[in-house]
S.K.: 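This is the structure, below, for whatever I ask next.
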Amino acid sequence: MPASPGTTTRAVQVALLRWYARCARDLPWRRTSAPYPIWISEVMLQQTRVETVRLRFDEFLDRFPTLDALAAAPLARVLKSWEGMGYYARARNLHRAAREMRRRYGGFAPSHAAFRALPGVGAYTAAAVWAIAFGEAHLPLDGNVRRVLARLCDLATHRQDDYRAAGAPLMRGLPPSEVPQMAQALMELGALTCLARSPRCADCPLRRFCQARARQTIPKRPLSRPRPARPHHPVVILYLRNRRGQFLLTQRPAHAMLGGLWELPGGKAEAGETLPRAMRREIREELDLRGLRRLRYVGAVGHAYTHFAVTLHLFTAEMPGPASAFPALRRLSRTGRARWLFPHQIADYALPTGTHRALALLPELHRARAAGRR
DNA sequence: AAGCCGGGGAT
DNA sequence: ATCCCAGGCTT
């Protein structure tokens with residue numbers, strides 16, 4: 001708060017802490033101060049709404065109650081637990097970081113610096129865990145806090161350093177017991193009151209300190225950046241049956257988008273190409289398979305990713321012969337990147353949400369999916 | 001600093 | 001349809 005002397009900083013801290021004591025939501029990860037669950041919650045909350053995480057947090061901790069349990073688990077199980085939450089690199093990094101901590105420190109990271117160096121732990125997560133679990137005065141600079149600071153100090157900037165300069169004083173001079181509350185209060189104010197679209201200034205404990213409010217620049221804070229439009233692609237995917245009633249599921253490369261997840265074979269349709277032609281071409285390119293039998297169009301589902309959107313066009317078809325007759329398919333199976341599954345077995349595999357929704361178009365898988373969710 | 005990575009809910 | 005969320009990694 002550049003324009004504010006220390007006495008004002010203290011007044012802001014007091015107002016915010018009093019408000020937090022009165023208004024803070026009761027969230028599962030606020031019932032503990034242990035670093036492991038705090039860490040899990042912070043990773044889940046990366047770009048993910050509180051309400052979504054609220055539904056998943058307890059289940060994840062039931063499955064992986066300790067750092068050692070997470071480190072000992074196979075990655076596939078962690079990915080399955082992460083299914084539907086997106087940004088799957090988070091699950092891969094969480095797993096790697098747990099194994100690294102166990103190996104190098106025999107437990108949780110011993111310092112903020114050691115923790116910050118782990119995969120998937122950036123400036124925000126390291127600050128949040130060290131402030132909330134250990135009471136050290138780091139500023140967790142997330143989207144909420146950035147918005148609160150942009151308004152409180154009327155910042156017309158994108159620079160990270162400007163936000164740090166504005167926010168650091170608010171974390172200083174507190175007793176360690178109040179650091180966790182202060183860190184969470186800044187975020188909570190952004191989540192409940194200092195809303196992005198329609199801020200509830202009348203209810204804000206900081207309204208008399210708010211410089212953007214005084215200057216009537218609230219709608220312009222924080223400064224926004226124009227975003228490019230999302231391109232849209234038609235995609236064809238295939239539910240390929242063999243003669244035993246199994247279907248083919250393939251695994252995405254570990255470090256690609258949706259890395260490690262399982263999906264139906266297929267790919268983008270090209271401009272001017274009919275969907276059945278695209279389907280046959282993709283299967284030829286991907287599996288070196290020709291002469292699909294009984295190719296049928298099932299239907300489509302739309303699905304939006306961060307930077308593009310797709311329409312998934314689902315087909316069914318039957319194998320032209322035994323899988324063993326096709327070298328590319330044999331190779332995929334041998335390396336474990338492709339599996340023939342009976343419908344009920346799908347419950348053990350982590351699938352992207354779009355694939356789940358496409359499979360729901362098939363009655364036989366609808367039943368299997370319902371069984372898998374139980 | 002910018003581009004990339006999922007998904008979902010609010011408006 | 002658009003925005004944006006308790007971000008991190010790579011370039």
Side-chain angles (χ1 to χ4, degrees), chain A residues 24-25 27-30 37-57 79 82-94 96-97 115-133 138-148 157-163 167 180 183-192 194-199 219 222-232 252-261 263 301-310 312 350-357:
Chain A
R25 291 168 292 181
L27 301 171
W29 49 93
R30 287 184 178 162
I38 300 285
W39 171 46
I40 299 299
S41 74
E42 291 303 341
V43 174
M44 282 192 174
L45 287 160
Q46 290 168 11
Q47 296 301 103
T48 307
R49 314 248 166 195
V50 165
E51 289 312 313
T52 304
V53 175
R54 205 203 274 264
L55 299 174
R56 300 294 212 103
F57 178 75
L79 277 175
W82 211 263
E83 194 178 44
M85 283 203 290
Y87 289 109
Y88 298 94
R90 291 185 294 175
R92 300 194 300 270
N93 287 333
L94 208 52
R96 261 215 300 158
F115 186 60
R116 172 67 180 85
L118 293 166
V121 180
Y124 165 76
T125 303
V129 171
W130 247 254
I132 296 170
H138 298 271
L139 176 72
L141 201 52
D142 71 339
N144 283 318
V145 177
R146 210 172 283 117
R147 186 171 58 255
V148 167
T157 178
H158 289 300
R159 294 170 53 88
Q160 202 74 353
D161 291 349
D162 295 335
Y163 283 100
Q184 294 177 89
L186 282 165
M187 294 191 261
E188 193 78 340
L189 189 70
L192 297 182
C194 196
L195 304 177
R197 312 261 184 131
S198 44
L223 233 48
S224 70
R225 261 191 251 267
R227 285 168 202 269
R230 271 197 285 229
H232 189 277
R252 296 182 57 86
H255 298 288
M257 176 174 161
L258 305 172
L261 273 68
E263 62 181 6
V301 298
H303 189 68
Y305 295 97
T306 313
H307 295 285
F308 64 100
V310 295
L312 298 175
L351 272 50
T353 297
T355 303
H356 262 306
R357 296 192 16 230

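Chain letters run A, B, ... following the sequence lines, proteins first, then strands; residues in each count from 1.
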S.K.: What nucleic acid atoms does A:Val53 come within less than 4.0 Å of, heavy atoms only: base, sugar-phosphate, or nothing?
M.R.: nothing

S.K.: Given the C1' atoms of C:dT10 and B:dG7, what is the spacing between them in whole Å?
M.R.: 22 Å

S.K.: Using a 4.0 Å heavy-atom cut-off, does A:Ala123 contact any base of the nucleic acid, only the sugar-phosphate backbone, or nothing at all?
M.R.: sugar-phosphate

S.K.: Using the heavy-atom set of chain A and a strict 4.0 Å cut-off, write down the first and last nucleotide of DNA chain C that makes it in, 5' to 3'.
M.R.: C:dC3 to C:dC9

S.K.: Checking all strands, does A:Arg146 fall into the base, sugar-phosphate, or nothing category for heavy-atom contacts under 4.0 angstrom?
M.R.: nothing

S.K.: Tell me every residue that passes salt bridge (Lys or Arg N to Asp or Glu O under 4.0 Å) with A:Arg96, counting only those two or more places apart in sequence or in another chain.
M.R.: none

S.K.: I'd like to know if the side chain of A:Arg90 pairs up with that of A:Thr48 as donor and acceptor (distance under 3.5 Å, no hydrogens or angles considered).
M.R.: yes

S.K.: Between A:His307 and A:Tyr305 (judged by ring centroids, cut-off 6.0 Å), do the two rings come close enough to count as a pair?
M.R.: no

S.K.: I'd like to check the salt bridge (Lys or Arg N to Asp or Glu O under 4.0 Å) partners of A:Arg159; sequence neighbours left out, ordered by chain and number.
M.R.: A:Asp161, A:Asp162

S.K.: Could you work out the separation of C:dC4 and B:dC5 based on their C1' atoms and round it to a whole Å?
M.R.: 15 Å

S.K.: Which residues satisfy the side chain to side chain donor-acceptor pair (under 3.5 Å) test with A:Arg116, sequence neighbours excluded?
M.R.: none

S.K.: Answer with base, sugar-phosphate or nothing: what part of the nucleic acid does A:Met44 contact at a heavy-atom distance below 4.0 Å?
M.R.: nothing

S.K.: Taking the P atom in each of C:dA6 and B:dT11, what is the distance between them to the nearest angstrom?
M.R.: 13 Å

S.K.: For A:Pro140, report the nucleic acid contact type (base, sugar-phosphate, nothing); a contact means any heavy atom under 4.0 Å.
M.R.: nothing

S.K.: Mind checking if A:Ser224 touches a base, just sugar-phosphate, or nothing, with heavy atoms under 4.0 Å?
M.R.: nothing

S.K.: Could you go through nucleotides 8-10 of chain B and list every protein N or O atom that sits under 3.5 Å from one of its N or O atoms, giving the distance for each pair?
M.R.:
unit_1	atom_1	unit_2	atom_2	d
B:dG8	N2	A:Arg49	NE	3.3
B:dG8	N2	A:Arg49	NH2	2.4

S.K.: Mind checking what makes salt bridge (Lys or Arg N to Asp or Glu O under 4.0 Å) contact with A:Glu188, not counting sequence neighbours?
M.R.: A:Arg25, A:Arg30

S.K.: Test of understanding: with side-chain contact (heavy atoms from CB on, under 4.5 Å), list the residues that count as partners of A:Ala185, not counting sequence neighbours.
M.R.: A:Leu16, A:Tyr20

S.K.: Under the side chain to side chain donor-acceptor pair (under 3.5 Å) rule, collect the residues that match up with A:Glu83, sequence neighbours excluded.
M.R.: A:Lys80, A:His356

S.K.: In whole angstrom, what separates A:Arg90's CZ from B:dG7's P?
M.R.: 10 Å

S.K.: Once you apply a heavy-atom cut-off of 4.0 Å, does A:Ile132 come out as touching a base, just sugar-phosphate, or nothing?
M.R.: nothing

S.K.: Any base atoms under 4.0 Å from A:Tyr305, or only sugar-phosphate, or nothing? Heavy atoms, all strands.
M.R.: sugar-phosphate

S.K.: Just how far, in rounded Å, is P of B:dG7 from CZ of A:Arg56?
M.R.: 11 Å

S.K.: Would you kindly compare A:Leu195 and A:Tyr88 by the position of their nearest DNA chain B nucleotide and give the one closer to the 5′ end?
M.R.: A:Tyr88

S.K.: Among residues at least two apart in sequence or on other chains, which ones pass ring pair (Phe, Tyr, Trp, His ring centres under 6.0 Å) with A:Tyr87?
M.R.: none

S.K.: 5'-most contact on DNA chain C: A:Arg116 or A:Trp29, nearest heavy atom basis?
M.R.: A:Trp29

S.K.: Using 30° and 60° as the class limits, which term best fits the ring planes of A:Trp130 and A:Phe115: parallel, tilted or perpendicular?
M.R.: tilted

S.K.: Give me the distances for all protein-to-nucleotides 1-3 of chain B N/O pairs that come in under 3.5 Å?
M.R.:
unit_1	atom_1	unit_2	atom_2	d
B:dA2	OP2	A:Arg225	NH1	3.0

S.K.: Tell me, please, which residues at least two apart from A:Asn93 pass side chain to side chain donor-acceptor pair (under 3.5 Å).
M.R.: none

S.K.: With sequence neighbours excluded, tell me which residues meet side chain to side chain donor-acceptor pair (under 3.5 Å) with A:Thr125.
M.R.: A:Gln46

